[in-house]
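Comments concern the structure below.
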Amino acid sequence: MTLTATSAMAQGRDDRLSASVEALQAGNPATALTLADVVIAENPRDIDALLLRARALSSLGQPRAARDTAIEAYRASEGIEAARYASAMIVADVVATDGNYTLAQFWLRRAVQHTQSDAEVANVARVYQTVRRQNPWSFRFSAGLSPNTNINNGSSEKIIMIAGLPFVLSPTARALSGWTAEAELGLYYRLISTPRSQTTVGVEVAGRMNWLDAGSRAAAPGVSGHDYDYYQVALALRQSFILDTNGTRLDLSGRAGRNWYGGNKLSDFYGAGAALTFPLVDGRDSLTLTARADRAEIVAPGLLPETVLRAGATYSHELPWGDDVSVTATFAKSFSTGPAQVYRMPSIGVDYALSRPIVGALFSVGASYAYKDYAVSPFSLTGRQDHILGASITADFRGLSYMGFSPVVTLQANRTWSNVSIYTQQSISGGVSLQSRF
């Protein structure tokens, strides 16, 4: 083929594609499809023509054919990041137009893998949020694996004093270390949605599996980390209201389910709560008031059913340089026919989130203090008083994200001092989980 013939073919292709674009813009998708098909007949892997064909088919009410054509364009653009990004975005748009919002979210996550600028990432995030609002289905998933110095919630003491007498704790009553894997999954469906209210139902599943390290296995032979596994299944209902033009929000929630500990049923539970959030300072700050009541029909040996009431307040403030700081104060009170299960617990916590990355990660830190007071304890005439300190640091490595999920490294430390030494304990855990950037 001569150079002149090749140039003529290229010019013919470009002219046809330009005409196809004009036909689409003029509302004539049939003509746009015909012109794109001529180019594809000459080169079945012509990415621009395939994308125009997908747009035309979508406008003609043929969503499945449009989706398949856009996927062909995505496959044909292997190694060309800009074309892959454009193809994935068009696939997402086509399937969203057809009402398949979940598949659209999947393709938007594929698109973000091929972004080449912050502006493109921001565009994917914006479109993703729009599609998510349209999708009646929503999902929540998190998983992580971490070392754990206190799998069994055991004491850090070797010898405890009861009525002035020393007692040596058994290995299983002391802290056992190893590894903990945790996962949470939520599947929700939006039943009703109006500009100012939303009703959602869902199913939530959570689990925690444990494995003892060599030292703990030697100290407590015959004991398995799975003796301390925990699982939970719950049905959830949530009703949200926007109360005024300022964005004041009321969230009502209810949950009911069952949990298991060590392979045995622990309790059936149900509860309800409310949260009222007031935007302040032009939306940069907020105040959230919460209240909740939970009932656990505990069947584990040695424990009785109990009810816990909680109330709290959280104030969040955005600093002038963009960092966020929040302070939370709560109070909890339990009720039970088992006197040793009745307590009151005030607590306070502070969280600080940096807005700018350090060594490629966004950091947040937190600290908390709680005082747990039991009027009655079988081990003390003066009841039981626990002072509980907690601290955490989290690093979100957004630059290492895959399909919109980035690794999050967390380190958590807790320390409890109790006048009943069997409840004096400490734990350190840390691990890696995945978190969505959207």
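These values consider heavy atoms only, across backbone and side chains, with no hydrogens, waters or symmetry-generated copies.
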**Request:** Using distance alone, with no hydrogens and no angle criterion, decide if Asn148 and Tyr228 have a side-chain donor and acceptor under 3.5 Å apart.
**Result:** no
**Item:** Atom of Thr69, atom of Leu50 and distance for their closest heavy-atom approach
**Value:** CG2-O, 3.1 Å
**Request:** State, to 0.1 Å, how close Ser77 and Ala83 come at their nearest heavy-atom pair, and which atoms those are.
**Result:** CB-CB, 3.4 Å
**Prompt:** With sequence neighbours excluded, what pairs up with Arg258 under the side chain to side chain donor-acceptor pair (under 3.5 Å) test?
**Reply:** Asp268
**Request:** Measure the spacing between CD1 of Ile151 and OG of Ser427 and express it to the nearest 0.5 Å.
**Result:** 11.0 Å
**Asked** With no hydrogens and no angle check, do the side chains of Thr200 and Arg190 hold a donor and an acceptor under 3.5 Å apart?
**Response** no
**Request:** Name all residues meeting the ring-ring contact (aromatic ring centres under 6.0 Å, His included) criterion together with Tyr101; count only those two or more places apart in sequence or in a different chain, and write none if there are none.
**Result:** none
**Request:** Could you tell me which non-hydrogen atom of Ile242 sits nearest to which non-hydrogen atom of Gly247, and how far apart they are?
**Result:** CG2-CA, 4.2 Å
**Request:** Not counting sequence neighbours, which residues clear salt bridge (charged side-chain N to carboxylate O under 4.0 Å, His left out) with Glu81? List them please.
**Result:** none
**Fill in**
For Tyr189, the ring-ring contact (aromatic ring centres under 6.0 Å, His included) test, sequence neighbours excluded, returns Trp137
**Within-4.5 Å side-chain heavy-atom neighbours: Trp179 and Asn210** = no
**Item:** Pairwise side-chain contact, Ser368 with Ile348, heavy-atom cut-off 4.5 Å (strictly under)
**Value:** no
**Prompt:** Would you say the side-chain atoms of Ser177 and Asp213 include a donor-acceptor pair closer than 3.5 Å?
**Reply:** yes
**Asked** With a 4.5 Å heavy-atom cut-off, do Lys372 and Tyr423 have their side chains touching?
**Response** no
**Message:** Can you confirm whether the side chains of Ser401 and Ser406 place a donor and an acceptor under 3.5 Å from each other?
**Reply:** no
**Message:** Can you confirm whether Arg45 is buried at CZ, in the sense that more than 12 heavy atoms of other residues, nucleotides or ligands lie under 6.0 Å from that atom?
**Reply:** no
**Request:** Sequence neighbours left out, what pairs pass salt bridge (charged side-chain N to carboxylate O under 4.0 Å, His left out) with at least one residue falling in residues 115-124?
**Result:** none
**Complete:** Gly430 and Pro147 have their tightest heavy-atom pair at O-CD, 2.6 Å
**Prompt:** In terms of side-chain heavy atoms, does Ser316 have a donor or acceptor partner in Ser326 at a distance below 3.5 Å?
**Reply:** no
**Asked** Charged N to carboxylate O under 4.0 angstrom, Asp294 versus Arg255?
**Response** no
**Prompt:** Which pairs pass salt bridge (charged side-chain N to carboxylate O under 4.0 Å, His left out) with one or both residues in residues 175-188, sequence neighbours excluded?
**Reply:** Arg140-Glu184
**Asked** Going by atom types alone, do Ser347 and Thr330 pair a side-chain donor with an acceptor below 3.5 Å?
**Response** yes
**Message:** For residues 241-298, which residue pairs pass the ring pair (Phe, Tyr, Trp, His ring centres under 6.0 Å) check, not counting sequence neighbours?
**Reply:** none
Side chains of residues 89-98: which donor-acceptor partners sit under 3.5 Å, not counting sequence neighbours?
unit_1, atom_1, unit_2, atom_2, d
Asp93, OD2, Arg55, NH1, 2.4
Thr97, OG1, Asp93, O, 2.8

**Request:** Measure across Tyr128 and Leu108 and return the closest heavy-atom pair with its distance rounded to 0.1 Å.
**Result:** CA-CD1, 3.6 Å
**Prompt:** Given side chains that start at C-beta, do those of Ser59 and Leu24 come closer than 4.5 Å, heavy atoms only?
**Reply:** yes
**Message:** Run the side chain to side chain donor-acceptor pair (under 3.5 Å) test against Asn135 and tell me which residues pass, sequence neighbours left out.
**Reply:** Thr102, Gln105
**Request:** Kindly indicate whether the side chain of Thr314, heavy atoms from C-beta on, has any atom under 4.5 Å from the side chain of Thr290.
**Result:** no
**Verdict with reasoning, Leu237 to Thr199, per side chain to side chain contact (heavy atoms under 4.5 Å, CB included)** = CA-CA 8 Å; Leu237 173 66; Thr199 305; 4.1 Å; yes
**Asked** Atom CZ of Arg208 and atom OG1 of Thr180: how far apart are they, to the nearest 0.5 Å?
**Response** 7.0 Å
**Request:** Please round to the nearest 0.5 Å and tell me the distance separating atom CZ of Arg295 and atom CD of Glu306.
**Result:** 8.5 Å
**Prompt:** Would one find more than 12 heavy atoms of other residues, nucleotides or ligands at under 6.0 Å from atom CD of Gln116?
**Reply:** yes
**Asked** Gln113 and Arg110: side-chain donor and acceptor closer than 3.5 Å?
**Response** no
**Request:** Indicate the atoms forming the closest heavy-atom contact of Leu145 with Ala181, along with that distance.
**Result:** CD1-CB, 3.8 Å
**Atom pair OG/CG of Ser392 and Leu411 - distance to nearest 0.5 Å** = 8.5 Å
**Prompt:** Looking at CG of Leu276 and CG of Leu252, how far apart are the two atoms once the value is rounded to the nearest 0.5 Å?
**Reply:** 9.5 Å
**Message:** The test is side chain to side chain contact (heavy atoms under 4.5 Å, CB included); show your working for Arg415 and Ser156 and say whether it passes.
**Reply:** CA-CA 10 Å; Arg415 173 68 165 154; Ser156 60; 3.5 Å; yes
**Prompt:** Quick one: salt bridge (charged side-chain N to carboxylate O under 4.0 Å, His left out) pairs with a partner in residues 224-241, sequence neighbours left out?
**Reply:** Arg238-Asp251
**Fill in**
Sorted by chain and number, sequence neighbours left out, side chain to side chain donor-acceptor pair (under 3.5 Å) with Thr31 holds for Asn28
**Request:** For the residue pair Glu297 and Val299, establish whether any side-chain heavy-atom pair is separated by less than 4.5 Å.
**Result:** no
**Residues, nucleotides or ligands: over 12 heavy atoms within 6.0 Å of Tyr402 OH** = no
**Asked** Would Leu33 and Arg53 satisfy side chain to side chain contact (heavy atoms under 4.5 Å, CB included), going step by step from the backbone distance to the final call?
**Response** CA-CA 5 Å; Leu33 177 62; Arg53 185 175 194 274; 3.4 Å; yes
**Asked** How would you list, by chain and number, every residue that makes a side chain to side chain donor-acceptor pair (under 3.5 Å) with Asn264, sequence neighbours excluded?
**Response** none
**Asked** Would you call the rings of His226 and Trp211 parallel, tilted or perpendicular, where under 30° means parallel and over 60° means perpendicular?
**Response** perpendicular
**Item:** Non-hydrogen side-chain atoms of Leu235 and Val201 separated by less than 4.5 Å
**Value:** no
**Prompt:** With a 4.5 Å limit on heavy-atom distance, are the side chains of Asn43 and Arg13 in contact?
**Reply:** no
**Message:** So, taking the atom named CG in Asp396 and the one named CG in Leu354, what distance separates them when rounded to the nearest 0.5 Å?
**Reply:** 12.0 Å
